[in-house]
2 protein chains.
Amino acid sequence: MTDDIKDHVGSLEKGLAVIAAFDGATPRLNVAQAARKTGLTRASARRYLLTLARLGYAESNGRQFQLTPRVLRLGYAYLSSTPLPKIAQPIVDQIGERTGEVASLAALENDEVVFLGHSTTRRLVSASTSVGLRFSAHCTALGRVILAAQSEADVARFLADLQPEKLTPHTRTSVTDIHAAIIQAGRDGFSVSDQELEIGLRSIAVPVSDSHGRVKLGLAVSLQAGRMSVADMIANILPVLRAGRAELETML
Amino acid sequence: MTDDIKDHVGSLEKGLAVIAAFDGATPRLNVAQAARKTGLTRASARRYLLTLARLGYAESNGRQFQLTPRVLRLGYAYLSSTPLPKIAQPIVDQIGERTGEVASLAALENDEVVFLGHSTTRRLVSASTSVGLRFSAHCTALGRVILAAQSEADVARFLADLQPEKLTPHTRTSVTDIHAAIIQAGRDGFSVSDQELEIGLRSIAVPVSDSHGRVKLGLAVSLQAGRMSVADMIANILPVLRAGRAELETML
DNA sequence: TTATAAATGTGCGTATAACGAACATTTTAT
DNA sequence: ATAAAATGTTCGTTATACGCACATTTATAA
């Protein structure tokens, strides 16, 4: 992939891959597991894990390693260095207040939606929501509206690499259906995800353009499905999202 | 520092230092700035920035680099891999509901407090609160209660490296005063930070022990100073924190 | 507009960082 | 108790990453 590319630091790539190898399924890794997950040799993986531990990003009980809160500093480097979440927060809060539901700002990152902000006065919608959390783009309203604004080549690449999981009975898994939903989102200028990600969770999202007209962000409101029909979301929440989006776009 | 240490990957250390060089003061870095901030040569810094851009962790407008949301994945690797925030969330929520204020869970990381979770049904207390956000430990209740449970050597090291900023007129900046406040927190088993971090912000915190009796975490409630006196916080909120702490400790 | 300062891109020779295989030892699972 | 898996370590090797120097470009100040 990056073999023989000039000015590339392969050791950084491998080190970041080792950090990313930790996940919910394997919160602790021993050296052999880390080697398997990253494709590194055991000796290499061991060196990276020891280095992370020495730098304070991981700790070890002897044989197993786990990450420490210090790795949040890396994500924090992004949050503190971009004015976007700060600029957007009042608008996200305002949408949350006007709709009485949870509003969110998110970006698309490869095949996942990553949250950049939530309204502060939130009601409980889903089990776990926080900045940095990410969901599969194929079954989120946010993912569809951002994808709809990408080039055909980018969408084709997204679909080509896609291995969609059926997260609920409502989750589309056919690439054709997913593509059609993305196209529909482009036509409508919004998208609704109705219990595709999680039973009981219903979301509506709009894309957000920057000053060059590019779309890398989306705004969404999410709620418990029993609280409002899709039709009412379109009638009552979509206008609030669009108004918030218009205001945010004057700041980008 | 780590020169001549076995099994150390220096390139990973340098790469992570480059990521951490981005902050609120310098959200965008050119090659020369990154070199100065990290102590690397310009050529080295350039290689790391190009590598981060190639891997999608940064982007460049030609000469200036900025981080992308992808670096949140690194922090997310911690959040998704540790059960702690998931386990603690119901308790943090419960504290938030019982007190009607914002409850938080945090860890101490060197000289800073880093938030690991907030109660979901939150009222607006401070401008910006999210997981991963960090504050100076010397003027937070959370920082003091966690520090109070560390070894004398660790506290001495903390104080030796401290360069306290006067964030409000109430912020202690004398190392002697800061040390005394840490000792008092140890005696009391709790601490109150009264507008030391931010005008209008008042917090009370308790330390949380793990099953080995070590303290790496704290639980806190924060509120607008006008809403409750310090005496009332001690009388009414401290018991709720202690109850929540007792419950959380059974799970650690 | 011009001069100066700052930043950058690149090539290339060099040093050592990181590699990986092999082997002995330890830990874990059956 | 045995087998499987994991680990720690050594050491020769390779290629990764370095850093300097120089030419070029960009930004800033006059």
Side-chain angles (χ1 to χ4, degrees), chain A residues 1-23 25-68 74 81 212, chain B residues 1-23 25-68 74 81 212:
Chain A
M1 174 178 69
T2 50
D3 290 353
D4 297 328
I5 292 186
K6 288 177 60 182
D7 301 314
H8 186 74
V9 183
S11 299
L12 175 59
E13 176 174 9
K14 293 169 187 171
L16 295 173
V18 169
I19 295 175
F22 289 86
D23 57 28
T26 44
R28 286 181 192 84
L29 291 171
N30 62 19
V31 168
Q33 286 172 304
R36 284 196 293 275
K37 291 194 79 175
T38 56
L40 297 171
T41 65
R42 192 176 51 77
S44 276
R46 179 171 179 271
R47 289 186 181 101
Y48 285 99
L49 287 169
L50 287 174
T51 302
L52 288 169
R54 245 178 237 123
L55 298 174
Y57 292 99
E59 64 188 8
S60 166
N61 65 6
R63 290 199 155 210
Q64 291 204 303
F65 293 79
Q66 66 184 83
L67 295 175
T68 65
L74 301 173
S81 67
H212 303 288
Chain B
M1 173 180 67
T2 50
D3 289 352
D4 296 327
I5 293 185
K6 287 178 59 183
D7 301 315
H8 186 73
V9 184
S11 298
L12 175 57
E13 176 175 9
K14 292 170 187 171
L16 295 173
V18 170
I19 295 176
F22 289 85
D23 59 27
T26 44
R28 286 183 192 82
L29 290 171
N30 62 19
V31 168
Q33 285 172 304
R36 284 196 295 273
K37 290 193 80 174
T38 57
L40 297 171
T41 63
R42 192 175 53 77
S44 276
R46 180 171 177 268
R47 289 186 182 101
Y48 286 99
L49 287 169
L50 287 174
T51 302
L52 288 169
R54 246 177 236 124
L55 299 174
Y57 291 99
E59 64 189 7
S60 164
N61 66 6
R63 290 198 156 208
Q64 292 204 303
F65 292 78
Q66 67 184 85
L67 295 176
T68 65
L74 301 172
S81 67
H212 303 288

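Just so we're clear, the structure is a prediction, and the values are computed from it rather than from any experiment. Letters A, B, ... are given to chains in the order of the sequence lines, protein chains preceding strands, and every chain is numbered from 1.
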* Which residues, if any, of residues 43-51 of chain A bring a heavy atom under 4.0 Å of DNA chain D? -> A:R46

* If you fit an axis to the five pairs at each end of the helix from C:dT1-D:dA30 to C:dT30-D:dA1, how big is the angle between those two axes, to 10 degrees? -> 70°

* **Heavy-atom pair with the smallest gap, counting every atom of B:V31 and B:L49** => CA-CD1, 4.0 Å

* Asked: Which residues satisfy the side-chain hydrogen bond (donor to acceptor under 3.5 Å, both in side chains) test with B:D23, sequence neighbours excluded?
  -> B:T26, B:K37

* **Within residues 38-48 of chain B or reaching into it, pairs that qualify as salt bridge (Lys or Arg N to Asp or Glu O under 4.0 Å) - sequence neighbours excluded** => A:D7-B:R46, A:D7-B:R47

* What is the minimum heavy-atom distance between B:Y48 and B:L40, and which atoms define it? -> CD1-CD1, 4.0 Å

* Considering just the side-chain nitrogens and oxygens of A:K6, establish if one lies under 4.0 Å of OP1 or OP2 belonging to D:dA17. => no

* Asked: B:R36: what forms a side-chain contact (heavy atoms from CB on, under 4.5 Å) with it, not counting sequence neighbours?
  -> B:A32, B:Q33

* Roughly, in whole Å, what's the span from CG in A:L52 to P in C:dA18? -> 13 Å

* To do: Go through the structure and list residues passing side-chain hydrogen bond (donor to acceptor under 3.5 Å, both in side chains) with B:K14, not counting sequence neighbours.
  => none

* D:dT16 OP1/OP2 closer than 4.0 Å to side-chain N/O of B:S11 -> no

* Of the non-hydrogen atoms in A:R54 and B:K6, which two are nearest, and what is the gap between them? -> NH2-O, 2.9 Å

* B:H8 has an atom NE2; how far is it from atom P of D:dA17, in whole Å? -> 14 Å

* **B:E59: partners by side-chain hydrogen bond (donor to acceptor under 3.5 Å, both in side chains), with sequence neighbours left out** => A:K216

Mind listing the N/O atom pairs, protein and nucleotides 3-6 of chain D, below 3.5 Å?
none

* Given DNA chain D, 5'-ward residue of the pair B:D7 and A:Q64, judged by closest heavy atom -> A:Q64

* Structure fact -> Heavy-atom closest pair (B:T38 atom, B:A21 atom, distance to 0.1 Å) is CG2-CB, 4.0 Å

* Asked: By side-chain hydrogen bond (donor to acceptor under 3.5 Å, both in side chains), which residues pair with A:S44, not counting sequence neighbours?
  -> A:T41

